[in-house]
Number of protein chains: 2
Amino acid sequence: MAEQKRARTLPLRKTQPRQRSRPVVDLNVLNDRLGYFVRRLQVWVFQDFVRRLSPIDISPAQFSVLVVIDANRGLSQAELATTLAIERARLVRLLNHLERRGLTQRLPSSGDRRRHALQLTRDGQAILARAKALAEDHEAALRQKLSAERYQVLLELLQEF
Amino acid sequence: MAEQKRARTLPLRKTQPRQRSRPVVDLNVLNDRLGYFVRRLQVWVFQDFVRRLSPIDISPAQFSVLVVIDANRGLSQAELATTLAIERARLVRLLNHLERRGLTQRLPSSGDRRRHALQLTRDGQAILARAKALAEDHEAALRQKLSAERYQVLLELLQEF
DNA sequence: TATTGTTATACTCTATAACTATA
DNA sequence: TATAGTTATAGAGTATAACAATA
């Protein structure tokens, strides 16, 4: 994806009638749309995360799945899907992929024979440990990009959401 | 998507000792990841936007394209793509779609024969007017969901980003 | 009847590469 | 050589519907 230069506050042109506060391209109502800026941030976050975890080839969705399985060993696919707002059907393929890589397992659930009890393999736990370290680097980069204060305020606001 | 109540640092509840404040499923490190919550919010925003603009069948990306073309008549596809962080290749298909619906036009650019000068048709302007009204409803819904104060703080923080 | 996991389909989006016509 | 627009392709992600096994 293309680099996103906001131009909005970029001091690129030397002489611009109304100073360089005027954007090169007018965003019009988008300038007052929270949804627009949330998407821009989300795109940045996603790309930085993917780049940093590329050595172990773990996507944001895969990371969240590994984290939640590890913290809730034996939970079902339906519970996992609901928790992470992933479609049940999509989760099936995601788990197939992780299982093929030898990171997760579907064990028979005691009691309800419809369910699978999910858990990580040893390899899965090892990958998760590396993933968590890299994800912390990513989070640190995000904190630096936003400034520590803004990061903190944002995190607290969004946690309540 | 599932409703997400975070409960973690909310000063909203008066007394919440150790009751059902504990989530059914443990999110582990995800609880401290800004990126995770940004995605949750982004998903909510996207779905609400799509639902509200479904009567005129305009997606968030299409909306942003119409807005920026209208506010910058004659700009090129490359400029538009860079501004909105859309891939050049993706923008081609997006504009093909809007053009087939009779909402946008690619006119010859004076001077550089490689470029197209983009502009809205009359129908495009009419649709954009309706889209802006519906998008304002969406924004109002978002403001209510977050509370007016949180909405304002978030908007100001993210605008600087 | 409802739920769990699964398969299938269609559509959108992202990420690339390569091509053409201009500059 | 570089840029603007285009085509093509592969892989994710989203949204549905339907099915078998089980509750």
Side-chain angles (χ1 to χ4, degrees), chain A residues 1-4 39-40 42-51 53-54 57-65 69 74-101 104-118, chain B residues 1-2 39-40 42-51 53-54 57-65 69 74-101 104-118:
Chain A
M1 156 164 294
E3 272 292 293
Q4 52 235 32
R39 179 189 164 253
R40 301 296 295 229
Q42 208 271 329
V43 168
W44 187 93
V45 163
F46 193 88
Q47 289 182 341
D48 186 78
F49 190 99
V50 168
R51 191 172 56 78
L53 275 80
S54 61
D57 194 26
I58 295 291
S59 72
Q62 290 168 342
F63 177 69
S64 64
V65 162
I69 291 178
L75 90 168
S76 70
Q77 295 182 197
E79 288 165 340
L80 179 56
T82 299
T83 300
L84 293 176
I86 299 174
E87 286 294 320
R88 252 156 65 246
R90 158 102 191 104
L91 183 59
V92 170
R93 278 167 300 166
L94 210 159
L95 287 174
N96 288 347
H97 185 68
L98 292 174
E99 212 168 284
R100 257 182 271 122
R101 284 182 64 181
T104 59
Q105 288 179 305
R106 286 182 252 220
L107 303 181
S109 180
S110 56
D112 192 332
R113 302 217 315 268
R114 292 172 305 182
R115 313 169 113 228
H116 293 158
L118 301 172
Chain B
M1 151 162 300
R39 177 188 164 254
R40 301 296 296 229
Q42 209 271 329
V43 168
W44 186 93
V45 163
F46 193 89
Q47 289 183 341
D48 186 77
F49 190 100
V50 168
R51 192 171 55 77
L53 275 80
S54 62
D57 194 27
I58 295 292
S59 73
Q62 291 168 343
F63 177 69
S64 65
V65 162
I69 291 178
L75 90 168
S76 71
Q77 294 182 198
E79 288 165 340
L80 180 56
T82 300
T83 300
L84 293 176
I86 299 175
E87 285 296 320
R88 253 154 66 247
R90 160 102 191 103
L91 182 58
V92 170
R93 278 168 300 166
L94 211 158
L95 287 174
N96 287 346
H97 185 67
L98 292 175
E99 213 168 281
R100 258 183 270 120
R101 283 183 64 181
T104 59
Q105 287 177 305
R106 285 181 252 219
L107 302 182
S109 181
S110 55
D112 193 332
R113 303 220 311 270
R114 292 173 304 183
R115 312 169 113 226
H116 293 158
L118 301 173

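Keep in mind the model is a prediction, meaning the values are calculated, not measured. A note on names: the letters A, B, ... follow the listed sequences, proteins ahead of strands, and every chain is numbered from 1.
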Tell me, please, which residues at least two apart from A:A78 pass side-chain contact (heavy atoms from CB on, under 4.5 Å). A:S76
Is any side-chain N or O of B:Q77 closer than 4.0 Å to OP1 or OP2 of D:dT6? yes
Residue set satisfying salt bridge (Lys or Arg N to Asp or Glu O under 4.0 Å) with B:E99, at least two apart, ordered chain then number -> B:R106
Please report the distance, rounded to the nearest Å, between CD in B:Q62 and P in C:dC11. 14 Å
Tell me, do A:L118 and A:T104 make a side-chain contact under 4.5 Å, heavy atoms counted? no
Whole angstroms only, please: what is the CG-P distance between B:N96 and C:dT12? 13 Å
note: B:H116, atom NE2; C:dA23, atom P; distance rounded to Å ~ 12 Å
Rounded to the nearest angstrom, tell me the gap between atom NE2 in A:H97 and atom P in D:dA12. 6 Å
d(CZ, B:F49; C1', D:dT14) in whole Å: 17 Å
Contacts of B:S54 meeting side-chain contact (heavy atoms from CB on, under 4.5 Å) (sequence neighbours excluded), chain-then-number -> none
Under the side-chain contact (heavy atoms from CB on, under 4.5 Å) rule, collect the residues that match up with B:R113, sequence neighbours excluded. none
I'd like to check the salt bridge (Lys or Arg N to Asp or Glu O under 4.0 Å) partners of A:R51; sequence neighbours left out, ordered by chain and number. A:D48
What is the distance from CG of A:L107 to P of C:dG5, rounded to the nearest Å? 13 Å
Indicate yes or no for a side-chain donor-acceptor contact from B:T82 to the backbone of B:E79 under 3.5 Å, with no hydrogens or angles considered. no
Figure out the CZ/P separation between A:R106 and C:dG5, and round it to whole Å. 9 Å
5'-most by nearest nucleotide on DNA chain D - B:L95 or A:S59: B:L95
If you assign each of A:A78 and B:A61 to its closest nucleotide in DNA chain C, which residue comes earlier from the 5' end? A:A78
For nucleotides 15-23 of chain D, give me one character per nucleotide, 5' to 3': B if any protein heavy atom sits under 4.0 Å from the base, S if the only such contacts are to the sugar-phosphate, - if neither. SB----BBS
Given atom CD1 of B:I86 and atom C1' of D:dG5, what is their separation to the nearest angstrom? 15 Å
